[in-house]
Amino acid sequence: MAEPITPVVLGGGAGTRLWPLSRRGRPKQFLAGLSGRSLFHDTLQRFAGPDAFSAPIIVCGEEHRFLVAGEVQAAGIDARIMLEPAARDTALAVAVAALYCAAREPDCLMLISPSDHAIAEPEVLLAAIEGARDIAMGGALVTFGIPPTRPETAFGYLETEQPAIAGEPVPAVRFVEKPNATRAKAFFMSGRHLWNSGLFLFRASVLIEEMERHAPEILQAARISMSNASDETDFLRLGADGYGLALARSLDHAVFESSGKVVVMPVGDAGWEDLGSWASYRARAIADQSGNAATGEAVLSDSRACFVHAADGLQVVALGLDGVTIVAGSGGVLVAATDRLDSLKGVVELLPAVAVDAVTD
């Protein structure tokens, strides 16, 4: 039997593009997803198979430690929770997890996963992961690409050498940042562009070697942090000195965009969605003949192409509107032209700190 894969679940992120429901104190991964449970809970359950996966490593911020511990308990699993003293994006978080795994088993196979994605058909994703196992064990850095279902401007893309076929690995050409509408349409039609899922599979030792080559400063910061970590009963508290030395960089930018070992595994129709914005929630909602969609206690009248999300028992009425998104919850109300939602993150950062940091229960 093959050795189990170690999931590394990344629990960081402020989720400001889902304001007002997502806050720094309770970001989007802890909110209820389409299953009715939190996205974090669904992520833990997705990789809880005792034969295929070992106990996960979770890397999260200090302020979310009790939320994470509660999710682990609710999922009924064991996990190693690492606490970051500061947010430094995904490269450093993955580096400390790789050092932790390599110290125990250098050839440990690690699956890096965000904690805020919705996947309607998880067995399709699990099949792709299993299909990539031998490639990763052979020394490849595997990233998983999602066939686009629409010309999306909110996601990054993976460009492949030839048209992607689900389950058939293909060399990566490049990582592409979030495109404008024109480029997104071209990517959607090309057959050689997949959505970047943020999921990665590799041996711990290979990732460390590639970080030595492409991001040595981040790896050194990770080593310092691990050497100063304090092992508590429920948490491994990472050392602050190392984190203070590191720049915030994503794993994509720090390693994968420069490495020659990257292979893309196209995933089949798993119903994947990065629920990172209200546009992505709208994309999953069922619209009426006027293009309106609503969740919660909402009524839309004489309106078209609108989306309303009413939470926390609030009632919303939209009358005579065109192309507007409304989100109402106990922490605030968002009213925005749908085609301006990409600007939400910057606007929310202008709010008083108490409004952004407040915890919504």
Side-chain angles (χ1 to χ4, degrees), residues 13 15-23 26-43 114-122 124 146-156 178-181 184-185 187-188 195 197 269-348 360:
T16 49
R17 288 182 297 160
L18 282 173
W19 188 91
L21 301 191
S22 177
R23 305 297 187 93
R26 186 182 292 272
K28 59 181 177 177
Q29 58 268 32
F30 301 108
L31 301 177
L34 301 178
S35 69
R37 299 177 299 270
S38 75
L39 297 172
F40 202 104
H41 179 98
D42 286 346
T43 301
S115 57
D116 55 2
H117 292 177
I119 300 175
E121 305 293 339
V124 177
I146 308 296
T149 57
R150 59 186 184 274
E152 180 61 66
T153 61
F155 301 160
K178 298 172 184 177
N180 59 28
K185 289 178 182 177
F187 291 170
F188 179 62
W195 286 338
S197 70
D269 185 8
W272 177 92
E273 192 75 48
D274 177 359
L275 296 180
S277 68
W278 290 117
S280 62
Y281 269 78
R282 166 63 185 267
R284 296 183 72 95
I286 298 175
D288 63 18
Q289 292 182 342
S290 298
N292 297 314
T295 54
E297 297 186 51
V299 175
L300 294 95
S301 178
D302 192 25
S303 298
R304 60 178 300 276
C306 292
F307 174 64
V308 177
H309 181 83
D312 304 326
L314 296 180
Q315 296 177 322
V316 177
V317 174
L319 174 62
L321 300 179
D322 189 344
V324 172
T325 292
I326 301 172
V327 181
S330 60
V333 177
L334 166 69
V335 181
T338 298
D339 61 6
R340 296 293 304 278
L341 285 173
D342 286 347
S343 302
L344 178 59
K345 180 177 179 180
V347 175
V348 168
T360 54

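Every pair passing ring-ring contact (aromatic ring centres under 6.0 Å, His included) that includes a residue from residues 297-316 is listed here, sequence neighbours excluded: Trp278-His309.
Between the Asp42 side chain and the Ala118 main chain, no donor and acceptor come within less than 3.5 Å of each other. A donor-acceptor distance shorter than 3.5 angstrom exists from the side chain of Asp288 to the backbone of Ser290, with no hydrogens or angles considered.
Looking at residues two or more places apart in sequence or on another chain, you find a side-chain contact (heavy atoms from CB on, under 4.5 Å) between Thr149 and Trp195. Residues meeting the side-chain contact (heavy atoms from CB on, under 4.5 Å) test with Glu297, sequence neighbours left out: Gln315. Looking at residues two or more places apart in sequence or on another chain, you find a side-chain contact (heavy atoms from CB on, under 4.5 Å) between Val324 and Cys306, Leu321, Ile326, Val335. In terms of the salt bridge (Lys or Arg N to Asp or Glu O under 4.0 Å) criterion, residue partners of Asp322 (sequence neighbours excluded) are, by chain and number, Arg304. Every residue meeting the ring-ring contact (aromatic ring centres under 6.0 Å, His included) condition with Phe187, not counting sequence neighbours, appears here in chain and number order: Tyr157, His193.
At least one side-chain heavy atom of Tyr281 sits less than 4.5 Å from a side-chain heavy atom of Leu18. At a threshold of 4.5 Å between non-hydrogen side-chain atoms, the residues Val317 and Ser301 do not count as touching.
Nearest heavy-atom pair across Pro114 and Ser197 is CG-O, 4.0 Å. Looking at every heavy atom in both residues, Ala305 comes nearest to Asn292 through N-OD1, 3.2 Å. Residue Gln29 comes nearest to Ser38 through the heavy atom pair O-CB, 3.7 Å, listed as atom of the first residue, atom of the second, then distance. What you find for Asp116 and Leu39 is that their closest heavy atoms are O-CD1, 3.5 Å. Summarising the geometry of Leu300 relative to Ala293, their closest heavy-atom pair is CD1-O, 4.3 Å, with the distance given to 0.1 Å.
Distance check: Asp342 CG to Asn180 CG gives 11.0 Å after rounding to the nearest 0.5 Å. Considering CG of Leu344 and CG of Leu334, their distance stands at 5.5 Å, rounded to 0.5 Å.
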